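Quantities reported herein were computed from a predicted structural model and do not represent experimental measurements. Note that the numbering runs from 1 along the sequence shown for the chain. What you see below is based on every heavy atom in this structure, not just the backbone, and it leaves out hydrogens, waters and symmetry mates.
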Amino acid sequence: MEKEYAIRTGCDRGLCHQAIGRQDRQLNTYDWLADVPGNQESTDLVEVQFKHTRKGYYHNVNNLPLKKGDIVAVEANPGHDIGVVTLTGRLVKLQMKKANLKSEEDIRRVYRLAREIDMQKFHEAKALEHSTMIESRQIAKGLGLDMKIGDVEYQGDGQKAIFYYIADERVDFRQLIKDLAAAFHVRIEMKQIGARQEAGRIGGTGPCGRELCCATWMKNFVSVATNAARFQDISLNPQKLAGMCAKLKCCLNYEVDDYIEAGRRLPSREVILQTLDSDYYLFKSDILAGLVTYSTDKNIAANTETITAERAKQIIEMNRRGEKPDSLQEGGRAKPQKTHVELTDDDISRFDKAKKKKKKKKAQPKTNEKK
């Protein structure tokens with residue numbers, strides 16, 4: 001299978017052809033400059049991603065022929081770390097600018113392509129992460145710290161461990177670091193994350209049935225306000241608006257701009273439409289379709305009529321001139337009346353007559369047999 005893939009794509013290693021295909025990395029960047037001649041030679045910088053949402057930028061000082069998807073050993077403090085190359089060429093500088101990395105001290109070196117012994121140490125260190133997280137939670141609980149350790153990431157060589165924690169207030173974890181270092185015999189680094197970042201690291205399925213956006217493609221988290229739900233005319237139910245992280249869903253921001261723009265074309269909720277027969281109050285709106293439903297009662301749906309936003313604005317202009325149309329419909333047409341059938345006016349014994357007819361039909365074959 002791997003040979004067929006290499007022959008078909010021309011890529012003998014890595015995860016995709018010329019770094020522009022699909023990749024199973026959350027922070028994957030589409031390299032639209034991959035086919036440009038001299039793209040990789042333009043800079044020796046490469047982007048390397050580690051577990052989940054952690055990535056860094058490194059100098060390829062040894063001029064290794066790196067491709068997207070290569071597993072490399074990079075410089076760390078102390079020792080070395082193991083990661084996957086996710087971007088090469090000119091776009092790396094743009095990504096660094098986006099990450100506000102200006103100091104050269106933050107950029108370290110790529111040592112080599114990962115060897116077999118490097119991968120063995122890497123897998124041994126990764127196998128300890130879950131048990132370390134459970135034990136570290138017990139240590140933090142024993143110290144009475146109001147915090148939750150959500151994830152642990154070991155460095156590729158096993159000399160260092162990063163503990164990701166969540167806390168509502170500032171936590172003094174100096175004693176915790178000493179206890180963790182004594183328990184696991186590694187260098188300890190503590191990183192505070194938010195509830196959204198924790199959901200992205202853990203992963204899961206959202207109420208839409210798809211994998212969480214923060215666990216697949218989302219890189220940056222933008223604040224979400226309840227106004228986003230109001231603009232889209234969504235019920236302000238906290239249980240429905242909250243995501244897996246117990247915060248407002250990030251997807252509330254996806255279409256809010258379109259709803260705001262479409263909402264500007266609708267009439268104001270406070271304006272009352274006046275006709276010759278009655279006054280109408282705005283009951284509900286279909287924002288994207290541009291339809292508004294009016295009712296003759298302020299609080300309940302009574303004698304509702306649905307018209308377009310353009311028709312509503314026409315009536316508003318007529319009311320300003322002191323004119324009143326015959327009805328809300330176009331051309332003054334009256335709303336078609338629904339015919340009401342009164343069941344009590346019909347004969348109650350009509351059901352009994354139907355039963356008698358069925359009995360007569362069943363009885364006819366028997367009389368023929370006797371004859």
Side-chain angles (χ1 to χ4, degrees), residues 1-6 9 11-17 19 21-28 44-88 92 106-139 149-165 177 179-191 193 200-203 215:
M1 187 68 181
E2 294 179 358
K3 291 182 179 179
E4 292 178 4
Y5 177 82
T9 62
C11 184
D12 57 348
R13 72 170 185 270
L15 298 178
C16 56
H17 174 54
R22 184 176 180 271
Q23 195 188 62
D24 61 343
R25 292 282 160 182
Q26 179 180 349
L27 301 182
N28 178 50
D44 66 339
L45 292 169
V46 295
E47 181 187 83
V48 180
Q49 184 178 334
F50 305 95
K51 184 179 181 181
H52 296 307
T53 57
R54 186 171 71 92
K55 66 179 179 180
Y57 301 92
Y58 298 86
H59 282 296
N60 183 12
V61 293
N62 297 322
N63 295 322
L64 300 172
L66 298 179
K67 295 181 181 180
K68 192 173 186 178
D70 284 341
I71 302 176
V72 293
V74 298
E75 182 183 2
N77 185 21
H80 69 272
D81 206 348
I82 302 296
V84 178
V85 176
T86 52
L87 193 63
T88 60
V92 179
D106 297 334
I107 305 175
R108 295 172 178 167
R109 298 173 295 165
V110 177
Y111 285 144
R112 59 186 179 273
L113 288 168
R115 301 169 183 167
E116 185 176 353
I117 188 171
D118 295 330
M119 296 306 299
Q120 288 179 359
K121 291 182 179 180
F122 174 76
H123 292 305
E124 289 174 2
K126 293 300 175 184
L128 299 174
E129 289 180 348
H130 183 70
S131 59
T132 301
M133 179 185 67
I134 300 300
E135 189 174 348
S136 63
R137 287 179 178 178
Q138 296 175 352
I139 295 173
I149 298 178
D151 194 13
V152 176
E153 180 183 359
Y154 269 91
Q155 195 170 275
D157 57 0
Q159 296 186 31
K160 178 182 173 182
I162 303 175
F163 291 80
Y164 297 92
Y165 72 94
I177 292 177
D179 294 347
L180 293 177
F184 306 116
H185 307 289
V186 293
R187 185 172 179 176
I188 306 298
E189 181 179 348
M190 305 295 295
K191 279 191 177 182
I193 59 175
R201 299 185 71 86
I202 296 174

Is any side-chain heavy atom of [Y] closer than 4.5 Å to one of [X]?
| X | Y | result |
| --- | --- | --- |
| Y154 | L128 | yes |
| D81 | F50 | yes |
| V152 | I162 | no |
| D70 | V84 | no |
| I71 | M119 | yes |
| V186 | I188 | yes |
| L113 | L66 | yes |
| Y57 | V92 | yes |

Work out which heavy atom in [X] is nearest to a heavy atom in [Y]; give both atom names and the distance.
| X | Y | result |
| --- | --- | --- |
| A215 | G203 | CB-CA, 3.8 Å |
| I139 | A183 | CD1-CB, 4.1 Å |
| R54 | K191 | CD-NZ, 4.3 Å |
| I149 | M133 | O-CG, 4.0 Å |
| A125 | Q155 | CB-O, 3.8 Å |
| A73 | H80 | CB-CD2, 4.2 Å |

By salt bridge (charged side-chain N to carboxylate O under 4.0 Å, His left out) - contacts of K160 (at least two apart)
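So K160 forms a salt bridge (charged side-chain N to carboxylate O under 4.0 Å, His left out) with E189.
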
Listed by chain and number, what are the salt bridge (charged side-chain N to carboxylate O under 4.0 Å, His left out) partners of R115, not counting sequence neighbours?
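Salt bridge (charged side-chain N to carboxylate O under 4.0 Å, His left out) list for R115, sorted by chain: empty.
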
Would R109 count as a cation-pi partner of Y58, with NZ or CZ less than 6.0 Å from the six-membered ring centre and within 45° of the ring normal?
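The answer is no; the distance or angle limit is not met.
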
Can you tell me how far [atom2] of [Y] sits from [atom1] of [X], rounded to the nearest 0.5 angstrom?
| X | Y | atom1 | atom2 | result |
| --- | --- | --- | --- | --- |
| S136 | L180 | OG | CG | 6.0 Å |
| H130 | D151 | NE2 | CG | 10.5 Å |
| T88 | N60 | OG1 | CG | 9.5 Å |

Taking the side chain from N62 and the backbone from R112, do they hold a donor-acceptor pair closer than 3.5 Å?
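Side chain of N62 to backbone of R112, a donor-acceptor pair under 3.5 Å: no, none is there.
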
Checking side-chain polar atoms at under 3.5 Å, does T86 have a donor or acceptor matched by the opposite partner on E47?
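Looking only at side-chain atoms, E47 and T86 do form a donor-acceptor pair, the distance falling under 3.5 Å.
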
Kindly indicate, with the supporting measurements, whether the criterion side chain to side chain contact (heavy atoms under 4.5 Å, CB included) is fulfilled by V110 and L64.
CA-CA 9 Å; V110 177; L64 300 172; 4.2 Å; yes

Salt bridge (charged side-chain N to carboxylate O under 4.0 Å, His left out) evaluation trace for D157 with K121:
CA-CA 6 Å; D157 57 0; K121 291 182 179 180; over 6 Å; no

Might you work through the side chain to side chain contact (heavy atoms under 4.5 Å, CB included) test for T132 and F163, ending with a clear yes or no?
CA-CA 9 Å; T132 301; F163 291 80; 3.9 Å; yes

